[in-house]
Each structure stands twice: as C-alpha cells, then as structure tokens.
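The structure appears below as structure tokens.
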Amino acid sequence: YFNYHKKYIMIKKEIYKRLYKDYSKKYLDKIILSAFFSILVAGSTSSIAWLLDPAIKKLFIEKDQTLIIFIPLMIILAFTIKGLSLYFAKATMIGLGEEIKKKLQFDMIDTLIGTDTQIIDKKHSGKFISNLTYDVTHITNLLSNAILTLFKDSLTLIGLLAVMFLQNWQLALISIIMIPLASISAKTLGKRINKVATEAQEKSGFLTTYLVELFKNHKLIKIFQKEKYEKDRANKHLTQLKEKNQKIQTVFVRMSPIMETLTGIMIAVLIFYSGKLMAKGEVDINNFFSFLAAMMLAYQPVRALSTLNMVLNQGLSAASRILPIIDQKNNINDSVSASILNISKANINFQNLNFSYEIDESETLKSINLEFEGGKMTSLVGHSGSGKSTIMNLIPRFYNIQSGEILIDDQSINKLTIKSLRMQISMVSQETTLFDDTIKNNIKYAREDATDDEIYHVAKLSFSEEFIRNLPNKYETLIGENGVRLSGGEKQRLSIARAMLKKSSVILLDEATSSLDSETETKIQEALNILTKNKTTIVIAHRLSTIFNSNNIYLINSGKVIENGKHEDLMNKSELYRSFYEKQIQK
C-alpha cells in the first residue's frame, strides 16, 4: 500500500509539473494579476470584520457620534473594493481558463491530425470527442478556478484568522480546529471523486460514441424501424451518465452538512466559552462580535478550500487521460536521412513484403512481390478480405510494413519524407470523403493555391460542372455533412475533380465505380480515364470494364499473389479468376 501511495503521489507531482510548464507558465502575468486582486479581496473582507469592533464600541456602547459617518463609509468602501476585486480576479482567470482550454484542445487536435492511421483506428471517434470536451473542461477548472480559489480563499482565510487572533487568541485557537476537520473530510471525499470522475468520463465517451453513430446511421434506423430501440439505448446511456454525474455532485455537496455541523459546533462552543470570558472581563462585546463576524466570513473560504481537493482530483483524473493522447508518438516518421521523392517513371515495386496490423496477429500479407508499371493501369482482383485494400494503404505509408520493401523508381518509401511521398499520390475510393463546406472549397482542398480557373477546369473534366450549374449557389453551394445533399455519383465526381487538381503521379482507385447506375458509371469512368491518363494507376475494382482496361491484373487471395497477367491470360490459366469473372457476368 505504501509503495502504491508513493507512486500515486509521484504521478500527481509529474502531472502538476507538466500542466504548469506547458499550460500555466506562459500566463504567469495573469496569475500574478489575479493574485493581486485576491489580496485586495482578502484585505477588504478582513477589514469588514475588523470594522465591527470600533463600530459597536464607539457607536453603540460609548454612543460616540463623531464616527457615525466615517465607519459606515469605510464599510461601504470595503464591500466595494471586495466586489470589484473579486470581479477582476474572476474575469482574469476566466480569460486564462479559456486560453488554456483552447491550447489543450489544439494540442490534442494537432496530435490527432498528425497521428498514425493505426492509432486512430483503435479508438472510436466519439471517445476522442469526449476527451476534447468533458476532460478538457475539468483540466481547465484545475488550472483556472482551482488556482483562483487557492489564492483568494487562502489569503482571505489568513486575513480573517489575523482579525480573530487580534480580537482574542483563545477563541481563535478553538476556531482553528474546524480547518483540519474540514480538510480530513475533503481528503476522504476527494478519493471518492477521483474514482467516480473516471467512471463519468467513460460514460460520457460511450454517449458521444453513440451520438456519432446515431447521426451517421439515421437512415438505417428508419428503414429498419429501430426508433424505439435507439430511444431505449439513448435512455440507457443518458441514465448511466446522469447517475455518475449525480454521484459527483452528491459527493461535492456532502461538504455542506459537514461544514454546517462544524460551524454550528464552533459557534456553540465559542458562545459558551466567550460567555465565561465576558463574565471574567477578559473579552468585550465589541471584540466578540468582530471575532464572530470574522469567523462567519471564514466559513466560505474554508468550505471552498475543503472542496478544492475534489476539484484537483477531477482535473488530475482528466489530465491522466488527455496527456497520453497529446504525447502519443507516431510509428510512421521521417528517418533522419530521409530524402525527397524524385519521380521519373513512377514505377512501384513490392519486394518480399510481409505485413500484419498488429505484431501478435497473423500476417495479412505474405511474401508479396508486385510491380506496378509507371504510367500504366494495374488492377488488384480478389474476394473481400484478400488484402487488396491493405496493399493500397501501404503505398502512402498509412501503415508500416514488418519486412520487405516498397520502392518508387528504386527509392524505398521508408527512406523518403512522408510529405514528398504523399504529395505524389491521390486516392479516390467508393467511400467518398467530403467536408461540410462549399463545392469550391471541397475541390480546392487538394491545393490551397489553386486558382478559380483551375477549379472550373477540373470540374469540367470530371463532369462535375453538369450538376454544379444546377445548384442554387453554384460553386458556393454548401453540400452538408460528407456531401449529404449530393448523390453518390455527384460526390464521386467531386472526389475525382479534387484528385485531378492535385496533379499527382500515382492514382489509387479503391472500387471507385461501385454502387453506381450505368449512366453515372459511364461518366465516372470517362472522368477516371482523364484522371489516370499517363499516371501510375492502381485499381481495386469489381466492375469488369475497369479490369478490361488494365495493363496488368494481380489476383490476390488470402494475402498472397496467386497469378498475374492480362484478362485473357488469367481466364486461361486461373480457375479462381474465371470463377470471379463468371460471378461478375451473372450480376
């Protein structure tokens, strides 16, 4: 237990150091400014309690009218200074909190944008979204609200304790007992908060994951009439999250009865003891009321500081989930001596290549040798799961190979800069990816410096202009999430236009003409012919028209190359290919 506790303390310290170094240090001027205003809050709050002493003594006991204007004015001034200082302290930390929140979210997004495809594949996007919203908020609270509470309430408590000791040190010593009692209670509740906060984040991640899938599959839900089923699932996720959040809030409010009870006990003991002291003449009524006011005002900072441990635990729990994502190291990086890809013919060769997605998994590709001739079209044919898409995804280095090499014009892609490699590759797949933006910006995504004339030119070549001119705002028309306002063929043509604009040497087509009607397929095929002219083109296709146009066809089965040749050759020598062809004919 001791070793575990020691390790936990060390982890907490490391997280605090990291958060300070990367997210708080640069805003030290704002923290100092907030601390200055916190000093004013503490001083003005303490002065309010202290002013009750001369007010009661002079105005009510001695009935001295000389201070009847001065003391009330000083009390008004003290409250005004407290209010303004509290506003500026909070406003400063709100600005700081939002800056830190933005920095945390940007750092996480920056990592996710650049991270390996394999890492993204392992975790649902909804979990990442939950990290970006739920967890970041708790870290922001730790670095802004908690800091303000620490400064403001600690200084206020010190000031009020000073007033209490000035009025009567014996009563002050009795009151101090409340602070460690509250701290012990907060520490116990803080441990509970840490566990429940982690559970709440998991439920938040599940809910966000569910919502992403709900919106993505809304048509499927309707066609299978699963509305009630999905409502029940939604209710289950919401109930679980509600219960966890309710537990967190319940743990927080547990401090209220504890603090109220402690305060009641303290006041009762103080009244009893102060009554004894008054009877002996050791304390005056004005001293007692000033002391009591200071103690009552100390209630709020003691309560805030007692719950601070719980806020810290929530923030630390969130940081322990966020920081590993930000620190995620890529396996796919430029080597120290990486060179720029120089294209001459754009020949691509796979040499004795072996690949598996995970080290402990069976190999997806086994002893693969392939040659894609520069400027020519090569097709990959095989049943689903044979390894065709994996072969295609290895060319842009979306994944690292375990052994063997991939060469482009005799240059190993592992020795090239990733930027220069991917600059020469365009991809068009059946799962067209578009942004909720304008037609123009979706095409321009390939090249930010593209002129309008270049955009119009590729739109015409890809037959996109045919439907664009019928849209309400032409090229400025917003197409919705992933082009929801467009047909499958229209989205595909935009994807081809985008690839044309890139002007890359290598074109990867992943079943780009599947699931289209004959007329649309003809237009898409014409556009693809323009796109792939004199380009090294690798095609995964089930459509026979694409296969017939290929200069070479590789038959892939269970991660191995079975045969290769032109269509006629494979029809004569491969029973598997003939089977594949006959099934196509029957469709």
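In what follows, residues are counted from 1 in the order of the sequence shown. This one's a predicted model, so the numbers in the text were calculated from it and none came from an experiment.
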query: Of K503, K440, K460, which is the lone residue that meets salt bridge (Lys or Arg N to Asp or Glu O under 4.0 Å) with E454?
result: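 Of all the options given, the one that passes is K503.
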Heavy-atom distance under 4.5 Å between the side chains of [X] and [Y], does that happen here?
{"X": "S550", "Y": "H567", "answer": "no"}
{"X": "L370", "Y": "V561", "answer": "yes"}
{"X": "F372", "Y": "N347", "answer": "no"}
{"X": "T536", "Y": "E373", "answer": "no"}
{"X": "M427", "Y": "D510", "answer": "no"}
{"X": "L528", "Y": "I507", "answer": "no"}
{"X": "I368", "Y": "Y554", "answer": "no"}
{"X": "L531", "Y": "V428", "answer": "yes"}

Counting heavy atoms not belonging to [X], are there more than 12 under 6.0 Å from its [atom1]?
{"X": "Y456", "atom1": "OH", "result": "yes"}
{"X": "K474", "atom1": "NZ", "result": "yes"}
{"X": "K502", "atom1": "NZ", "result": "yes"}
{"X": "K573", "atom1": "NZ", "result": "yes"}
{"X": "K90", "atom1": "NZ", "result": "no"}

Full working for side-chain contact (heavy atoms from CB on, under 4.5 Å) between F350 and N369: CA-CA 5 Å; F350 280 53; N369 288 282; 5.8 Å; no
Taking [X] as the fixed residue, which of [options] is the one that meets the side-chain contact (heavy atoms from CB on, under 4.5 Å) rule?
{"X": "R493", "options": "E466, R498, E465", "result": "E466"}
{"X": "L407", "options": "Q351, K415, E371", "result": "Q351"}
{"X": "R397", "options": "I406, I425, I418, N333", "result": "I418"}

Starting at [atom1] of [X], measure out to [atom2] of [Y] and round the result to the nearest 0.5 Å.
{"X": "L508", "Y": "T532", "atom1": "CG", "atom2": "OG1", "result": "12.0 Å"}
{"X": "S34", "Y": "D29", "atom1": "OG", "atom2": "CG", "result": "11.5 Å"}
{"X": "T417", "Y": "R422", "atom1": "OG1", "atom2": "CZ", "result": "10.5 Å"}
{"X": "D110", "Y": "M108", "atom1": "CG", "atom2": "CE", "result": "12.0 Å"}
{"X": "I439", "Y": "L494", "atom1": "CD1", "atom2": "CG", "result": "4.5 Å"}
{"X": "I530", "Y": "L461", "atom1": "CD1", "atom2": "CG", "result": "5.0 Å"}

Considering all heavy atoms, the nearest [X]-[Y] contact:
{"X": "L501", "Y": "R447", "result": "O-NH1, 3.1 Å"}
{"X": "F355", "Y": "L353", "result": "CB-CD2, 4.1 Å"}
{"X": "F463", "Y": "A527", "result": "CE1-N, 3.8 Å"}
{"X": "K388", "Y": "L380", "result": "CD-O, 3.5 Å"}
{"X": "P396", "Y": "N393", "result": "CD-O, 3.3 Å"}
{"X": "A319", "Y": "I15", "result": "CB-CG2, 3.7 Å"}

Closer than 3.5 angstrom, by distance alone: can the side chain of [X] be matched with the main-chain N or O of [Y] as a donor-acceptor pair?
{"X": "N552", "Y": "G565", "value": "yes"}
{"X": "Q105", "Y": "K102", "value": "no"}
{"X": "T111", "Y": "I326", "value": "yes"}
{"X": "S495", "Y": "K491", "value": "no"}
{"X": "Q411", "Y": "N342", "value": "yes"}
{"X": "N551", "Y": "M377", "value": "yes"}

Are [X] and [Y] close enough that a side-chain donor and a side-chain acceptor fall under 3.5 Å?
{"X": "D107", "Y": "Y23", "result": "yes"}
{"X": "T438", "Y": "N441", "result": "yes"}
{"X": "S344", "Y": "D409", "result": "yes"}

message: Set out, in order, the CA-CA distance, both residues' side-chain angles and the distance that settles side-chain contact (heavy atoms from CB on, under 4.5 Å) for L509 and I540, then state yes or no.
response: CA-CA 6 Å; L509 305 178; I540 296 174; over 6 Å; no
Salt bridge flag under 4.0 Å for residues R18 and D327: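 Salt bridge present between R18 and D327.
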- prompt: With sequence neighbours left out, what residues match S367 under side chain to side chain contact (heavy atoms under 4.5 Å, CB included)?
  reply: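 S367 satisfies side chain to side chain contact (heavy atoms under 4.5 Å, CB included) with N354 once adjacent residues are dropped.
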task: Please assess L19 against I139 for the test side-chain contact (heavy atoms from CB on, under 4.5 Å), listing each intermediate value before the final yes or no.
output: CA-CA 9 Å; L19 292 175; I139 298 174; 4.1 Å; yes
query: side-chain contact (heavy atoms from CB on, under 4.5 Å) between I553 and K566: does it pass, once the steps are laid out?
result: CA-CA 6 Å; I553 300 169; K566 290 185 178 293; 5.8 Å; no
- prompt: Please walk me through it: do D22 and K103 pass salt bridge (charged side-chain N to carboxylate O under 4.0 Å, His left out)?
  reply: CA-CA 9 Å; D22 291 353; K103 180 72 166 58; over 6 Å; no
field: Step-by-step side-chain hydrogen bond (donor to acceptor under 3.5 Å, both in side chains) determination, S426 to S504
entry: CA-CA 6 Å; S426 290; S504 54; 2.6 Å; yes
